[in-house]
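Encoded as structure tokens, the structure appears first; notes follow it.
For reference, positions follow the sequence shown, starting with 1.
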Amino acid sequence: MTNRESFLSIPVWLSEIEKHSGTDIQIMVLGNKMDDEAEIQVTDEEIAQFESQHPNIPIVKTSAKFGTNVDDSFLELTKKLIIDTNKKGSGGASGDRQRTMGLALKRLQLSEGNTKGAATEGSYGGCC
């Protein structure tokens with residue numbers, strides 16, 4: 001968010017990823033430092049334009065300083081990876097192994113009244 005040069009380099013990085021990994025992968029761009037409003041160099045319009053050109057690559061504004069959208073972004077990406085893995089591995093395995101391919105999606109739930117942000121762990125039923 002605060003480094004225009006990094007934002008403008010994303011297409012180069014995407015071509016490098018495709019060159020080395022192919023196209024059958026999940027990508028998410030995290031735009032950090034959304035909390036530093038005075039220093040933001042990338043506009044919402046530029047982000048929208050990027051997303052229209054790359055509809056399968058979301059840009060998520062984050063703040064590592066305050067933890068805004070950081071955990072949610074990684075959980076969302078993990079969920080997509082599990083779904084993709086399940087789709088690819090659905091022929092041949094059986095039972096629970098077929099449904100989850102050995103992966104379990106966990107979610108963190110903040111305990112009510114806990115101001116320190118400690119989390120408790122729970123599981124989604126089935127897959128996602």
Note to self: Quick check for you: to the nearest 0.5 Å, what is the distance between M1 atom CE and M34 atom CE?
What the structure shows: 7.5 Å

Notebook entry, point to check: Given K79, which of I82, L77, I83, L75 fulfils the side-chain contact (heavy atoms from CB on, under 4.5 Å) condition?
Noted result: I83

Check: Listed by chain and number, what are the side chain to side chain donor-acceptor pair (under 3.5 Å) partners of N69, not counting sequence neighbours?
Finding: none

In a table with atom names and distances, give each donor-acceptor pair under 3.5 Å that connects a side chain of residues 50-57 to protein atoms at least two apart or in another chain.
unit_1 : atom_1 : unit_2 : atom_2 : d
E51    : OE2    : I59    : N      : 2.8
S52    : OG     : Q49    : O      : 2.8

Item checked: With sequence neighbours excluded, residues passing side chain to side chain donor-acceptor pair (under 3.5 Å) with D84 -> Q26

What donor-acceptor contacts under 3.5 angstrom involve side-chain atoms of residues 7-18, with partners at least two apart or in another chain?
unit_1 : atom_1 : unit_2 : atom_2 : d
S9     : OG     : E5     : O      : 2.8
S15    : OG     : V12    : O      : 2.8
E16    : OE1    : H20    : NE2    : 3.3
E16    : OE2    : K19    : NZ     : 3.4

Checklist line | Between OG1 on residue T62 and CG on residue D72, distance to nearest 0.5 Å | finding: 11.5 Å

Could you list the donor-acceptor pairs under 3.5 angstrom formed between side-chain atoms of residues 35-45 and any protein atom two or more places apart in sequence or on another chain?
unit_1 : atom_1 : unit_2 : atom_2 : d
D35    : OD1    : S63    : OG     : 2.5
Q41    : OE1    : R4     : N      : 2.9
Q41    : NE2    : T2     : O      : 3.3
T43    : OG1    : E46    : N      : 3.1
T43    : OG1    : E46    : OE1    : 3.2
D44    : OD1    : K61    : NZ     : 2.3

Check: Rounded to the nearest 0.5 Å, how far apart are OG of S21 and CD1 of I27?
Finding: 8.0 Å

Next item on the list: Quick one: list whatever passes side chain to side chain donor-acceptor pair (under 3.5 Å) with S73, sequence neighbours left out.
Entry: none

Check: What's the spacing between E76 CD and L81 CG if we round to 0.5 Å?
Finding: 10.5 Å

